[in-house]
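Right, one structure below, let's go through it.
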2 protein chains.
Amino acid sequence: MDTTLLKGLNVLEAVARSRAPRGVSELARELELTKSNVHRTLQTLIAAGYVRPGSVAGTYECTLKLFEMASGVVARIDVRQLADPFMQHLARLTKETIHLSILEGMDVIYLNKIESPQPVRAYSTIGGRAPAHCVASGKALLAWQGEAVLRELPARLSSPTQRSIASRDALLEELGRVRRQGFAVNRGEWREGVGGVAAIVFDMHGMPVAAIGMSGPVERLRPASVRKYSQLVMEAALGLSRSLGYSQPGYPPLAA
Amino acid sequence: MDTTLLKGLNVLEAVARSRAPRGVSELARELELTKSNVHRTLQTLIAAGYVRPGSVAGTYECTLKLFEMASGVVARIDVRQLADPFMQHLARLTKETIHLSILEGMDVIYLNKIESPQPVRAYSTIGGRAPAHCVASGKALLAWQGEAVLRELPARLSSPTQRSIASRDALLEELGRVRRQGFAVNRGEWREGVGGVAAIVFDMHGMPVAAIGMSGPVERLRPASVRKYSQLVMEAALGLSRSLGYSQPGYPPLAA
DNA sequence: TTAGCGCGTTCCACATATTGATACGCCGTA
DNA sequence: TACGGCGTATCAATATGTGGAACGCGCTAA
């Protein structure tokens, strides 16, 4: 285990997290390192291209090299490449914010999104995370995971809002519902007043690889709208699954 | 300068560049390191969360941590946050691929894009780079740079296609044209058969911060279309400039 | 106006973290 | 069945990284 590499990555992460360029002493205090250590690490990150001096003398900020590298990593995820037309189609029909998400651990990560043109809309960031059990796309993904994944769920779950599913048992029940009806709904379980509808996307092997869904204020998600949106997201998800090579007539058997 | 940190970042970059998970020996050969060095570095990157074992035993691949970090960095660039509605509007009007780009060195980097719904469309990746002198958005950005930037242009420029601008003098002449007419055109100067139209975006201080533009096959960029598209991209660029706080009546004086 | 404080930057003796050769078990192929 | 290349682990040697101290600068308070 290289502690110098770990320390360097910590420094990079701290600079990357910052809204404004950072100074050496401030970073040293935050990271509990010495000024000379931080200074020398920053010079190395500059040489590597990840960091550059800020406009104020003695400060440092991130370059876009991380973004270039990361975009390359994400661009090679097949589903993201193929999802665009389905997301755009869904955006036109619903006028709401559309997400493409994947499961990572017990979170979903938003790989892509199309913002709603309406002034009042759900806010999220590409690359952002949310707890899977609290959002529609997360529940859509969890519903098709195998026992090995579901076993890792703790008995008590985090409850960001009063509507959040708080126990593993209640979540498993809800996931059964998701499988039966083919879509998942978030009724304000992650952020107050923000809901959504999502459906699972399968690859050519019948493996769940992503979820596609829409989100917006819960006021715009009354039962009639949910019925409409659920049809639309399931159609979009099936279309994307088809373009990934999924050829089974219905849903695949539940993963082992 | 910490060579251990540099070496670690090299390993991470090699894994991030790869289309498939990589093995220890292969990485060691490519990076001219020993197997034990690569192996230990990968363990450190796993501990830091950037790398994980691949599905094939003994292989390694990137996680999405880079993407999460990088998305945070890019999300805080004001222009990217505010550009979405202008890009979507432009996409609806033109039906072509829309880009938001910034200048970095002598390249442009694509911060965001909206793909054209048409089957034949320009291909690019978010986070991707292009030589600024060869693309519309790059020329739009270069046109408003100061002497300090333009002086760095070499006398002979790279010529990816026969239509590329090949000399610094010819480029400066073209940049004068861009300033006068308010938009830049790419007539197949970067990729054969792919063209585009772009306009500059200013911030509240009158500094050029981005370019917004559309691209597509040159067959769809005949003079009548260029006239139409140039109006549309200038309107979108001005709207975005206004939302960034740019309040001057016309174009700002050329940067020093 | 002056002094003090905190900043960034640089230096280098020394402590320690990193290195890579080696060995081992596993797997695939001839 | 044997060989070669793989990934992984170990540890003595050594090369690298560390951090305390010093310096110059700029800002602020007295």
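FYI, side chains are in, hydrogens and waters are out, and symmetry mates aren't considered; it's all heavy atoms of this structure. Chain letters run A, B, ... following the sequence lines, proteins first, then strands; residues in each count from 1.
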Taking OP1 and OP2 of C/dT9, is either one under 4.0 Å from a side-chain nitrogen or oxygen of A/Y60?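 Yes, because at least one side-chain N or O of A/Y60 sits under 4.0 Å from OP1 or OP2 of C/dT9.
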Is the phosphate of C/dT9, meaning OP1 or OP2, less than 4.0 Å from a side-chain N or O of A/H39? yes
Just to be sure I understand the geometry, which residues of residues 14-22 of chain B put a non-hydrogen atom under 4.0 Å away from DNA chain D?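 Nothing qualifies; none.
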Just the rounded figure in Å: distance from P of C/dG6 to NZ of A/K35.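 After rounding, the reported distance stands at 10 Å.
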Rounded to whole angstrom units, what separation is found between the CZ atom of A/R29 and the C1' atom of C/dC7?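 These atoms are roughly 9 Å apart.
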A/H133 side chain to A/S158 main-chain N or O, any donor-acceptor pair under 3.5 Å?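 Side chain of A/H133 to backbone of A/S158: a pair is present.
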Using modelled atom types only, decide if a donor and an acceptor are shared between the side chain of A/Q81 and the backbone of A/A75 within a distance under 3.5 Å.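 Side chain of A/Q81 to backbone of A/A75: a pair is present.
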Please list, in 5' to 3' order, the outermost nucleotides of DNA chain D lying under 4.0 Å from any heavy atom of chain A.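 The contacted stretch runs from D/dG17 to D/dG20.
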Tell me which pairs pass side-chain hydrogen bond (donor to acceptor under 3.5 Å, both in side chains) where either residue lies in residues 1-17 of chain B, with sequence neighbours left out. A/D2-B/K7, A/K7-B/D2, A/R40-B/D2, A/Y50-B/E13, A/K65-B/E13, B/K7-B/N37, B/K7-B/T41, B/R17-B/E30
May I ask you to say whether A/R52 pairs ionically with B/E104, meaning some side-chain N is under 4.0 Å from a carboxylate O?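 Here A/R52 pairs with B/E104 in a salt bridge, since their nearest N and O are under 4.0 Å apart.
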Report, one pair per line, the protein and nucleotides 13-19 of chain C atoms (nitrogen or oxygen only) whose separation is under 3.5 Å.
| residue | atom | partner | partner atom | Å |
| --- | --- | --- | --- | --- |
| C/dA17 | O3' | A/T3 | OG1 | 3.4 |
| C/dT18 | OP1 | A/T3 | N | 2.7 |
| C/dT18 | OP1 | A/T3 | OG1 | 3.4 |
| C/dT18 | OP1 | A/T4 | N | 2.8 |
| C/dT18 | OP1 | A/T4 | OG1 | 3.4 |
| C/dT18 | OP2 | A/M1 | O | 3.0 |
| C/dT18 | OP2 | A/T3 | N | 3.3 |
| C/dT19 | OP1 | B/K7 | NZ | 3.3 |
| C/dT19 | OP2 | B/K7 | NZ | 2.9 |
| C/dT19 | OP2 | B/N37 | OD1 | 3.0 |
| C/dT19 | OP2 | B/R40 | NH2 | 2.2 |

Looking only at non-hydrogen atoms, find the nearest pair between A/F86 and A/S243 and report the distance.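 Looks like CE1-OG, 3.7 Å.
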Starting at the 5' end of DNA chain C, which residue's closest nucleotide do you reach first, B/L33 or A/G23?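 First, find each residue's nearest nucleotide; the 5'-ward one identifies A/G23.
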Under the rule for salt bridge (Lys or Arg N to Asp or Glu O under 4.0 Å), what residues qualify as partners of A/E174, not counting sequence neighbours?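 Counting only residues at least two positions away or on another chain, A/E174 forms a salt bridge (Lys or Arg N to Asp or Glu O under 4.0 Å) with A/K139, A/R177.
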Give the angle between the helix axes at the two ends of the helix from C/dT1-D/dA30 to C/dA30-D/dT1, taking five base pairs at each end and rounding to 10°.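 End-to-end axis angle for the helix from C/dT1-D/dA30 to C/dA30-D/dT1: 30°, rounded to 10°.
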What I want to check is whether the side chains of B/H99 and B/S137 have a donor and an acceptor closer together than 3.5 Å. no
